[in-house]
**Q** 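One structure, as structure tokens, below. Some questions next.
Numbers here simply count residues along the sequence, with the first being 1. Because the structure is a prediction, the values reported are computed rather than measured. Note that these values count all heavy atoms, side chains included, but never hydrogens, waters or copies made by symmetry.
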Amino acid sequence: MTLEFLQQFDFFTGVPDSQLRALCDYLMDRYGTDPQHHVIAANEGNAAALAAGYHLATGKIPVVYLQNSGLGNLVNPAASLLNEQVYGIPSLFVVGWRGEPGVHDEPQHIFQGEITLGLLEKLNIPFFVIGRETEEGEVTAKLKEYQALFAQGRQAALVIRKGALEYHKKISYANSRTVSREEAIRHILQASGDDPIVSTTGKASRELYELRVELGQGHGYDFLTVGSMGHSSSIALGIAFQRPERRVWCLDGDGAALMHLGAMALIGTTRPENLIHIVLNNEAHESVGGMPTAAGRLDLPGVARACGYPNTASVNSLRELDEALKEARDRRTLSFLEVKCALGARDNLGRPTTTPAENKRAFMGLLRGGSL
């Protein structure tokens, strides 16, 4: 299905999703990141609040796009800000349906996929499911029907099945960095030794997993945060609190770090001496297509310093990375390191072949003094 039905709207905000790649390409091609028309938000709740501001300023209907995993971030503003029993702010949600029952997907999407429609029902948000077979006229008619809901200050959703949307132009993304993320992770593994690592959602964890295979090392050293984007640093912090004798490394992404930036404030103010927080910054939501994040225009080490991190650095080369890793490893204080990475990954990059539960058991065994 083409995206002509969206031409009646002129403000879009959300978090990129691979299932919504056609929509993301359409928005970047038509608007880029012009904030009067299109804002790539830090998280889905942030997007809902931006949408509320747009409606308050214009009286028009905003569109919020998200992967269904982001419904968790959306629930609070949807229920306590947008809902007709509170402010009654109309919005159209476009939701990528990962983990749809009967459609193969990664384990982190299975339960979320099962509860997606029920969650929308519980939030009293009517929805229409769009698949490959859906006709544009059906969507146009449904949006016309939703106008009555919007007039009542209610919200509605379009739930998008895999492969349902099409756009004639595929947008490509790049940056000027030269250090590949996978090579940076290889150097981090050399520095971390037998220390536990918590890695973020997306391709960074996939690359970490494959590097362990290549090096003949066990996977129990690593907790692969395959879901719950933005929370790997908090997981690492919880481990660091309880195991002060172990040095803990967190491999974060720029999009993930921005999604729940408050975690850095908690880390910086509690200052665990045994935590090394590394952000692999390629300025993009690469795992879902490459749309830009705000991290390309931020001083992340400056943010960390303002949050209370006593040691911060930013590197642009593998030589600088090795030096910064050695310094962080040898000191016994909280450290933050930004690694500026190129955008891109191997075409043959695989996925973990172990289950999340197997990963958890192996990781816990190592933390409790076991061996691999």
**Q** For the residue pair Tyr26 and Tyr167, categorise the inter-ring angle as parallel (less than 30°), tilted (30 to 60°) or perpendicular (more than 60°).
**A**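 Rings of Tyr26 and Tyr167: perpendicular, as their planes differ by over 60°.
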
**Q** Could you label the plane-to-plane angle of the Phe11 and Tyr54 rings as parallel, tilted or perpendicular, counting under 30° as parallel and over 60° as perpendicular?
**A**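 Geometry flag for Tyr54 against Phe11: parallel rings.
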
**Q** If you draw a 6.0 Å radius around CZ in Phe241, do more than 12 non-hydrogen atoms from other residues or ligands fall strictly inside?
**A**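 Result for CZ/Phe241: enclosed.
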
**Q** Does the side chain of Glu136 come under 3.5 Å of the side chain of Thr2 through a donor N or O and an acceptor N or O?
**A**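 Indeed, the side chains of Glu136 and Thr2 share at least one donor-acceptor pair under 3.5 Å.
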
**Q** Under 3.5 Å, is there a donor on one side chain and an acceptor on the other for Ser199 and Asp222?
**A**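 No - no donor-acceptor pair under 3.5 Å links their side chains.
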
**Q** Has Thr355 got a side-chain atom pairing as donor or acceptor with Glu358's backbone, closer than 3.5 angstrom?
**A**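 Pair found, side chain donor or acceptor close to backbone of Glu358.
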
**Q** Could you state whether Ile125 and Phe12 fall into the same hydrophobic cluster, counting links through intermediate Ile, Leu, Val, Met, Phe, Trp or Tyr residues with side-chain heavy atoms under 4.5 angstrom apart?
**A**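 Unlinked, Ile125 and Phe12 end up in two clusters.
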
**Q** Flag the pair His277 / Asp252 as yes when at least one side-chain heavy-atom distance between them is below 4.5 Å, and no otherwise.
**A**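 Side chain of His277 against side chain of Asp252, heavy atoms only: contact under 4.5 Å found.
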
**Q** Any side-chain heavy atom of Ile188 within less than 4.5 Å of one from Leu280?
**A**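 The answer is yes, as the side chains (C-beta and beyond) meet within the 4.5 Å cut-off.
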
**Q** So if I apply the side-chain contact (heavy atoms from CB on, under 4.5 Å) rule between Leu321 and each of Ile278, Leu337, Asn316, which one comes out positive?
**A**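 Among Ile278, Leu337, Asn316, the one meeting side-chain contact (heavy atoms from CB on, under 4.5 Å) with Leu321 is Leu337.
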
**Q** Should the pair Asp322-Lys326 be classified as a salt bridge under the 4.0 Å nitrogen-to-oxygen rule?
**A**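 Judged by the 4.0 Å cut-off on N to carboxylate O distance, Asp322 and Lys326 do not form a salt bridge.
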
**Q** Are any side-chain N or O atoms of Asn359 and backbone N or O atoms of Leu224, one a donor and one an acceptor, separated by less than 3.5 Å?
**A**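 Such a contact is found between Asn359 side chain and Leu224 backbone.
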
**Q** Quick check: does any side chain N or O of Asn282 sit under 3.5 Å from a backbone N or O of Gly344, one acting as donor and the other as acceptor?
**A**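 Pair absent, no side-chain N/O of Asn282 close to backbone of Gly344.
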
**Q** Atom OG in Ser287, atom CG in Leu349: separation rounded to 0.5 Å?
**A**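 Those atoms lie 9.0 Å apart.
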
**Q** Measuring from Met291:CE to Cys24:SG, what's the distance to the nearest 0.5 Å?
**A**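 These two atoms lie 4.5 Å from each other.
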
**Q** Can the ring centroids of Tyr209 and His219 be said to lie less than 6.0 angstrom from one another?
**A**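 That pair passes the under 6.0 Å test.
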
**Q** Does the side chain of Glu121 reach to within under 4.5 Å of the side chain of Phe127, using non-hydrogen atoms?
**A**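 Glu121 reaches Phe127 side chain to side chain.
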
**Q** With a 4.0 Å cut-off, would you call Asp10 and Lys60 a salt bridge?
**A**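 Result for this pair is yes, salt bridge flagged.
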
**Q** Assess whether atom CD of Gln36 is packed by more than 12 heavy atoms of other residues, nucleotides or ligands within 6.0 Å.
**A**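 At most 12 heavy atoms, drawn from other residues, nucleotides or ligands, come within 6.0 Å of this atom.
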
**Q** Using a strict threshold of under 4.0 Å (side-chain N to carboxylate O), is an ion pair present between Arg186 and Glu183?
**A**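 Between Arg186 and Glu183 there is a salt bridge, with a charged N closer than 4.0 Å to a carboxylate O.
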
**Q** My understanding is that only residues two or more places apart in sequence, or in another chain, count here; which of them pass salt bridge (charged side-chain N to carboxylate O under 4.0 Å, His left out) with Glu283?
**A**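 So Glu283 forms a salt bridge (charged side-chain N to carboxylate O under 4.0 Å, His left out) with Arg177.
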
**Q** Is a side-chain N or O of Asp29 found less than 3.5 angstrom from the main chain of Asp25, in a donor-acceptor match?
**A**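 No, the answer is negative, given that no donor and acceptor are paired below the 3.5 Å cut-off.
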
**Q** Are Tyr65 and Asp17 linked by a side-chain donor-acceptor pair shorter than 3.5 Å?
**A**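 There is no such pair (donor and acceptor under 3.5 Å, judged by atom type) between the side chains of Tyr65 and Asp17.
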
**Q** Between Arg247 and Asp195, does any side-chain N to carboxylate O distance fall below 4.0 Å?
**A**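 Salt bridge flag = yes for Asp195 with Arg247.
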
**Q** Measure from the side-chain N and O atoms of Glu138 to the backbone N and O of Glu135, and report whether any donor-acceptor pair falls under 3.5 Å.
**A**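 Judged by distance alone, yes, a pair lies under 3.5 Å.
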
**Q** Does a side-chain heavy-atom distance below 4.5 Å link Arg132 with Arg161?
**A**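 Counting from C-beta outward, Arg132 and Arg161 never come under 4.5 Å.
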
**Q** Atom OG of Ser335 and atom CZ of Arg329: how far apart are they, to the nearest 0.5 Å?
**A**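 Ser335 atom OG to Arg329 atom CZ measures 12.0 Å (nearest 0.5 Å).
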
**Q** With distance as the sole test, does Thr201 use its side chain to make a donor-acceptor pair with the main-chain N or O of Gly227 at under 3.5 Å?
**A**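 Yes.
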
**Q** In terms of side-chain geometry, is the basic nitrogen of Glu106 or Arg98 positioned less than 4.0 Å from the acidic oxygen of its partner?
**A**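 Looking at Glu106 and Arg98, the cut-off is not met.
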
**Q** How about Leu300 and Ser314: do any of their side-chain heavy atoms sit closer than 4.5 Å?
**A**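 Heavy-atom side-chain distance check fails, nothing below 4.5 Å.
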
**Q** Do side-chain atoms of Thr13 reach the backbone of Val39 as a donor and acceptor pair under 3.5 angstrom?
**A**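 Present.
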
**Q** So, taking the atom named CG in Asn73 and the one named CE in Met229, what distance separates them when rounded to the nearest 0.5 Å?
**A**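 CE of Met229 is found 9.5 Å from CG of Asn73.
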
**Q** I'd like to know if Leu20 and Leu143 are part of one continuous hydrophobic network [Ile/Leu/Val/Met/Phe/Trp/Tyr, side-chain heavy atoms within less than 4.5 Å].
**A**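 Yes.
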
**Q** When you measure from the side chain of Thr293 to the backbone N and O of Ala295, does any donor-acceptor pair fall under 3.5 Å?
**A**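 Yes, Thr293 side chain to Ala295 backbone: donor-acceptor pair under 3.5 Å.
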
**Q** Could you verify whether a donor N or O on one side chain and an acceptor N or O on the other, from Arg154 and Asn124, lie under 3.5 Å apart?
**A**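 Per modelled atom types, Arg154 and Asn124 side chains form a pair under 3.5 Å.
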
**Q** Quick check: does any side chain N or O of Trp97 sit under 3.5 Å from a backbone N or O of Gly113, one acting as donor and the other as acceptor?
**A**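 It does hold such a pair.
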
**Q** So do the side chains of Pro90 and Gln155 get within less than 4.5 Å of each other, counting heavy atoms only?
**A**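 Pro90 vs Gln155: side chains apart.
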
**Q** Can you tell if the side chain of Leu208 reaches within under 4.5 Å of the side chain of Ile197, non-hydrogen atoms only?
**A**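 A side-chain contact exists here, since the closest heavy-atom pair is under 4.5 Å.
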
**Q** Tell me whether the centres of the aromatic rings in Tyr31 and His37 are closer together than 6.0 Å.
**A**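 Yes; His37 has its ring centre under 6.0 Å from that of Tyr31.
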
**Q** Using a 3.5 Å distance criterion without hydrogens, assess whether the side chain of Ser205 forms a donor-acceptor pair with backbone atoms of Gly202.
**A**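 Flag not set: sc Ser205 to bb Gly202 has no pair under 3.5 Å.
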
**Q** One thing to verify: whether Glu182 and Arg346 come together as a salt bridge, which I'm taking to mean a side-chain N less than 4.0 angstrom from a carboxylate O.
**A**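 Yes, Arg346 and Glu182 are salt-bridged.
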
**Q** Nearest 0.5 Å, what's the CZ-CG distance between Arg331 and Leu334?
**A**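 Between Arg331 CZ and Leu334 CG, I get 9.5 Å after rounding to 0.5 Å.
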
**Q** How far does CG of Leu66 sit from CD of Gln19, to the nearest 0.5 angstrom?
**A**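 If we round to the nearest 0.5 Å, Leu66:CG and Gln19:CD are 12.0 Å apart.
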
**Q** Among residues at least two apart in sequence or on other chains, which ones pass salt bridge (charged side-chain N to carboxylate O under 4.0 Å, His left out) with Glu4?
**A**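 Result, salt bridge (charged side-chain N to carboxylate O under 4.0 Å, His left out) vs Glu4: none returned.
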
**Q** Does the side chain of Val139 reach to within under 4.5 Å of the side chain of Ile130, using non-hydrogen atoms?
**A**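 A side-chain contact under 4.5 Å exists here.
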
**Q** Please indicate whether Asp347 has more than 12 foreign heavy atoms, meaning atoms of other residues, nucleotides or ligands, lying under 6.0 Å from its CG.
**A**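 No, the 6.0 Å shell around CG holds no more than 12 heavy atoms from other groups.
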
**Q** Check each of Thr116, Leu120, Ile115, Leu117 against Asn68 using the side-chain contact (heavy atoms from CB on, under 4.5 Å) test, and report the only one that passes.
**A**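 Among the candidates, only Thr116 passes.
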
